[in-house]
Amino acid sequence: CLQRPSSEPLMHGEVQSPQYPQPYPPNLQEQWDLSVPEGYQIRLTFTHLDIEASPGCYHDALIVLYDGKVVGRFCGSENSADGHHPGHEPIISPDNRFTLIFQSDKNNPERHQNVGFSAQYQAIDVDECSAPDPGDGSGPLCDQICLNTLGSYLCSCHHGYELRSDQRTCLLSCGGGIFDEPEGHLFSPGYPNPPPYAVSCQYIISVESGFTVSLNFSDLFYIESVDTDEGPSCLHHWLEVTIPDKEPMKLCGTKSPGLIDTNSNTVKLDYHTDDEGMSNGWSLDYSTHRVRCPIPDKVAKGRVTPMLTEYFYRDYIFVRCNQGYKLMMDGHEIESFSTMCQHNGQWHLTLPECHIIDCGEPEPLLNGGVTFISGVDNQYLSVVQYHCDEPFYYLLGGLNVSFICEADRQWRSNQDPLLRPTCLPVCGRPTKHLSSFQR
Amino acid sequence: IIGGDEAPEHTIPWQVLLNIDGGRGGGMVIADRWIMTAAHNVKTHEGIIASNDTVRIYMGLNDVKALSVLPVYPASVHVHPEYNNPNHANYNNDIALLKLQEPITFQASIMPLCLPAESDTYVPDTMGLVSGFGVTDEGKRRILANKLKYVQLPLVEDETCQNSVTSLKRKRASIPILTSNMFCAGIPEGGKDSCQGDSGSGYVLYDNGRFWAAGIVSWGVECGKQGTYGVYTRVANYLDWIKKTMQEN
């Protein structure tokens, strides 16, 4: 009779002999395979054990096995002189498994009824980190730092190192990768000390388009160079700076490159040393600046705002026309104009022009007319004067009314802007009078 | 016009010639859409108002023979609502307005006459001018004038006018009544007067450089006869009706 294995290992449980706490029957052979989750051990504690005692627990016994090997063979009862009682100390499994076998022979002493045993087990976490170096050359469980967790462990590395893909050993960190913050600090592994062995590190500075990267190397700069017939050469150790659309530049020697304006939003740095020689490395601060756009041209009869000495990426400018002028773009009038400095250093729209407005033809006057006094083509500030067909009509409100083309494209009178000129008939005044000289 | 003269061109530019069902009448231009005339020109004694298509209006002419080359202005008729003259005996409220369908443009030959201003008064013996294409005299005969004629006539005191009418009534009972909406103009010795065919034309007074419509040729007992005067509708009494009619139409 085998205990059916459960699908998921339990964290704790109880095991009892058959019919416990009644006396166990003879001729028994019963087995329990205990297991807890991996990363845990089993702590087995007997709450009661009363098994017929015999020398070496030969007749009836509870046998505890691990991996087929007997860990303990128990019988008797607490305080009995014979048998082998486990006492109150728990039994710990080497890993997450234990096997218990309870057996009884065919004879049971009639004068004494043994009840068997009752035991509890629970999972206890294994401290993998305390495991000794196996000494087989494979090294300790973790190269540098071991962190025990429930049921498992984690390896970690000291600052300046990074965990290898085996999740166990540590590697000197290049500190490489992609840097996309607007400013930052980069340095070669171990800087200002030389790295322990050959390194091949790549650093990519990539910020938003519309910004340019400037590299500012610190004074302490040392990358081994080799003297050749053609001068110093970055033969074995180098730092290669790659800017898009430009030839890569290999740096070495003891003189810091200082400030390098890349005029690009991406820069790639490849640092290489071999197993030999000595390079202390380098360190730099990088910063970013917005792309500059050209100073906009002047707009005749208008103005560009704001007027700045320099314009950068994402700066907006507006164009406004002087009073009496309108914004024109591609032959069409526009209500307003603004343009933005783009990431490529160009304004996204060309500047418009300011054209003088016109009020259109002044309204004709019934039984009258309109005369241009000054101005051109009904343009801004042109002046017209209305008159009526005299002597048959006269202008309501005055002899002559002047209208000026205003900035709102309306012809307006300086006398009463709301009064539309009107010609009223003249009554009772013939052009010829009856003459009678005869008395 | 009895005892008058032919009017030179452009001297009486408000004069209108009406032809209504063949009958001749006069009128005066008072606005670019409005002609003023006598009610009896457009409303018969039976109370029938002339239809729009029977009213023919001519302006800007001095010679009726030139009428055929002039445009005819279609118009609608507005008679004073209190004009009622079934027996030829009551010319009270003898005033009507004709509204032109299209406005006219004024020029030397066509100009409006002024309506009375508040300051304008009817002062007896003031010389006025009446014109028309009506009956005139040539020797001993009365003939219809084909050329515009005019005559200067003084305003007659109301009492003098009333006495004249009363005196005539003693001889002829059918003479129309004289009301406060009328005034008389003429000379006691006769020989100068308006006459048949002049009805509706203006009797105008001159004041401060302008002519204004003081009266409308309305009626009279014979023409130019000694002791009789021409009777005219007193336009100043109808300013409210004129303005109301023009505004409402």
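Per chain, numbering begins at 1; letters A, B, ... match sequence-line order.
Between A:Lys326 and A:Glu353 there is no salt bridge, since no side-chain N of the basic residue sits under 4.0 Å from a carboxylate O of the acidic one. The existence of a salt bridge linking B:Arg234 and B:Asp94 is excluded, since no basic side-chain nitrogen approaches an acidic carboxylate oxygen closer than 4.0 Å.
Counting heavy-atom pairs closer than 4.5 Å to chain A, the top-ranked of the candidates B:Gln152, B:Glu9, B:Arg210 is B:Arg210. Counting heavy-atom pairs closer than 4.5 Å to chain A, the top-ranked of the candidates B:Pro8, B:Ala7, B:Pro13, B:Pro103 is B:Pro13.
Of the possible polar contacts, none joining the B:Asp32 side chain to the B:Thr105 backbone as a donor-acceptor pair under 3.5 Å is found.
A centroid separation of less than 6.0 Å is found between the aromatic rings of B:Tyr122 and B:Trp212.
Only the side chain of B:Leu129 comes within contact range of chain A, judged by heavy atoms closer than 4.5 Å. Neither the backbone nor the side chain of B:Asp207 comes within contact range of chain A, judged by heavy atoms closer than 4.5 Å. At a 4.5 Å heavy-atom cutoff, the contact between B:Ile104 and chain A is made by backbone atoms alone.
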| said: If you apply the rule salt bridge (Lys or Arg N to Asp or Glu O under 4.0 Å), what do you find for A:Asp315 with A:Arg290, and how did you get there? | reply: CA-CA 10 Å; A:Asp315 278 348; A:Arg290 287 189 291 164; 3.1 Å; yes
